[in-house]
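These notes are about the structure you will find just below.
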Amino acid sequence: MTTAGKPAESGAAGAVSTVEVETALAVLPGPRSGSSPEPGAQGGDGRFEAAWERALELIAGADEIDLICHICPDGDALGSALAAAQALRGLGKRVRVSFGEDPQIIPESLSFLPGQDLIVPAAAVPAAPALVLAFDAASEERLGLLRDKAFAAGALVVFDHHASNPGFGDVRLIDPSAPATAVLVDELLRRLRVPLDQPIATCLYTGIATDTGSFKYRATTPATHEMAGRMLATGIRHDLISRQLWDTTSFGYLKVLAGALDRAVFEPEQAGGHGLVWTWVPYQDLALFGVTVEEIEGLIDVLRKPAEADVALVLKQDPDGTLRGSCRSRGAVDVAAACARLDGGGHVFAAGFSARAGVPETVERFRMALAEESAR
């Protein structure tokens, strides 16, 4: 098990200072070199700038801040929350980080993230917090057990990049053009004049790396690489971070993967003729091999490889029978819109949903949603 902060600390000797990094890179394009957003970002709207000003005003006036992210946190959700929390702690704020599940399970792949001493159980968050900052939650339902507490807060500020976000909260910093919520946190730190250090950079790099698929996805821009470059310039070990995120699993995961691939079904006529490949993972498999549902998040990236299918779907079963659906598209089908028909959401090329029905019924509902979207 990697210890907290290890990827940031390893090989740090000889790293240039934060001041040198910020000075040298100040002239480059990107979120921290100015407030101009990327083309198409909401940041070009005066109302979005007003939202930034209001968020900074609320943060400045708060002594205690609760930072929360979506349930089943991924690298962008937890990385964004922990980066912001460490920055605010450095400014003298009392901070708590949480997410709305009991028990809270942090994926082993994210065990290295610095700042986890700030994480508290959902029950430890006050019933009516003074100020809540929510990160990477595409809908209020994704806040889980913390949903009611967030809405009871004196103010709720939402940082997100999902196009399917309906726009909840008192202050909405939602930018669908951003490849990760970590980009918005990077901008927050710039506006707060918080310099980058290795722990914060580790969290932000993890956020953009995970949500861009290690910089492979279409949302990756020159500004994304510029931001990653600034993180690397602090001396973090991106190779160790990447190894932990994508290249380290338990042997049990391989056994679960083998079963999932054996159950995989290819349906070329689905998704408007663009093809669907799907599989599911019963909870019994996870229990048998000692694997958590969080450990198999990357299974979808294996299933989406066949060139014959535009859409891939993985259904993962929880102990109570709930199915968590993760899906990906090569571009012919808007899977966020399809998942929205099942009360889910996400991005055009990567989305998800939850279902209480059985596997056959859930897959049939997904097929119908794909057909409806393909016909549009």
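The basis for the numbers below is simple: all heavy atoms, side chains too, and nothing from hydrogens, waters or symmetry mates.
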Which donor-acceptor pairs under 3.5 Å do side chains of residues 349-357 form with protein atoms, sequence neighbours excluded?
unit_1 : atom_1 : unit_2 : atom_2 : d
R356   : NH1    : D320   : OD2    : 3.3
R356   : NH1    : T322   : OG1    : 2.5

Under 3.5 Å, which donor-acceptor pairs do the side chains of residues 81-90 form with other protein atoms, sequence neighbours left out?
unit_1 : atom_1 : unit_2 : atom_2 : d
Q86    : NE2    : L82    : O      : 3.1
Q86    : NE2    : P114   : O      : 3.4
R89    : NH1    : D117   : OD2    : 3.1

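Nearest heavy-atom pair, I174 versus P176, reported as atom, atom and distance to 0.1 Å: O-CD, 3.6 Å. Here the shortest heavy-atom pairing between Q198 and T234 reads NE2-O, 3.0 Å. I236 and M231 make their closest contact through CG1-O, 3.5 Å (heavy atoms, listed as atom of the first residue, atom of the second, distance).
Residues D66 and L133 are not in side-chain contact: their nearest non-hydrogen atoms beyond the backbone lie 4.5 Å or more apart. Between S109 and E297 the shortest side-chain heavy-atom distance does not fall below 4.5 Å. You'll find the side chain of V132 reaches within 4.5 Å of the side chain of I68, heavy atoms only.
Look at E64 and K93 and you find no salt bridge, because none of the NZ, NE, NH1 or NH2 atoms lies under 4.0 Å from a carboxylate O. We find that K255 and D285 are not joined by a salt bridge, their nearest charged nitrogen and carboxylate oxygen being 4.0 Å or further apart. Residues R191 and E187 are paired through a salt bridge, judged by an N-O separation under 4.0 Å between the basic side chain and the carboxylate. Under the 4.0 Å criterion applied to side-chain N and carboxylate O atoms, D310 and R328 are not assigned as salt-bridge partners.
At most 12 non-hydrogen atoms from other residues, nucleotides or ligands lie less than 6.0 angstrom from CZ of R218. Atom OH of Y217 has more than 12 heavy atoms from other residues, nucleotides or ligands within 6.0 Å.
The same ILVMFWY cluster, assembled from side-chain heavy atoms under 4.5 Å apart, contains both L56 and V95.
For the residue pair Q116/S111, the side-chain donor-acceptor check at 3.5 Å is not satisfied.
Applying the ring pair (Phe, Tyr, Trp, His ring centres under 6.0 Å) rule to H347 yields the partners H161, H162; only residues at least two apart in sequence or on another chain are considered. Partners of D343 under the side-chain contact (heavy atoms from CB on, under 4.5 Å) rule, at least two apart in sequence or in another chain, do not exist in this structure. Residues passing the ring pair (Phe, Tyr, Trp, His ring centres under 6.0 Å) test with F99: none are found, sequence neighbours excluded.
Taking CD1 of I59 as the reference point, atom CG of L188 lies at 5.0 Å (rounded to 0.5 Å). The structure places OG1 of T212 at 10.0 Å from CE of M227, a figure rounded to the nearest 0.5 Å.
A salt bridge (Lys or Arg N to Asp or Glu O under 4.0 Å) with R367 is found for one member of E269, E372, E267 and no other, namely E267.
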(request) Quick one: do D186 and R230 satisfy salt bridge (Lys or Arg N to Asp or Glu O under 4.0 Å)? Show the steps, please. (result) CA-CA 11 Å; D186 184 51; R230 286 188 284 102; 2.8 Å; yes

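Pairs passing the salt bridge (Lys or Arg N to Asp or Glu O under 4.0 Å) check and including a residue from residues 129-144, sequence neighbours excluded, read E140-R147.
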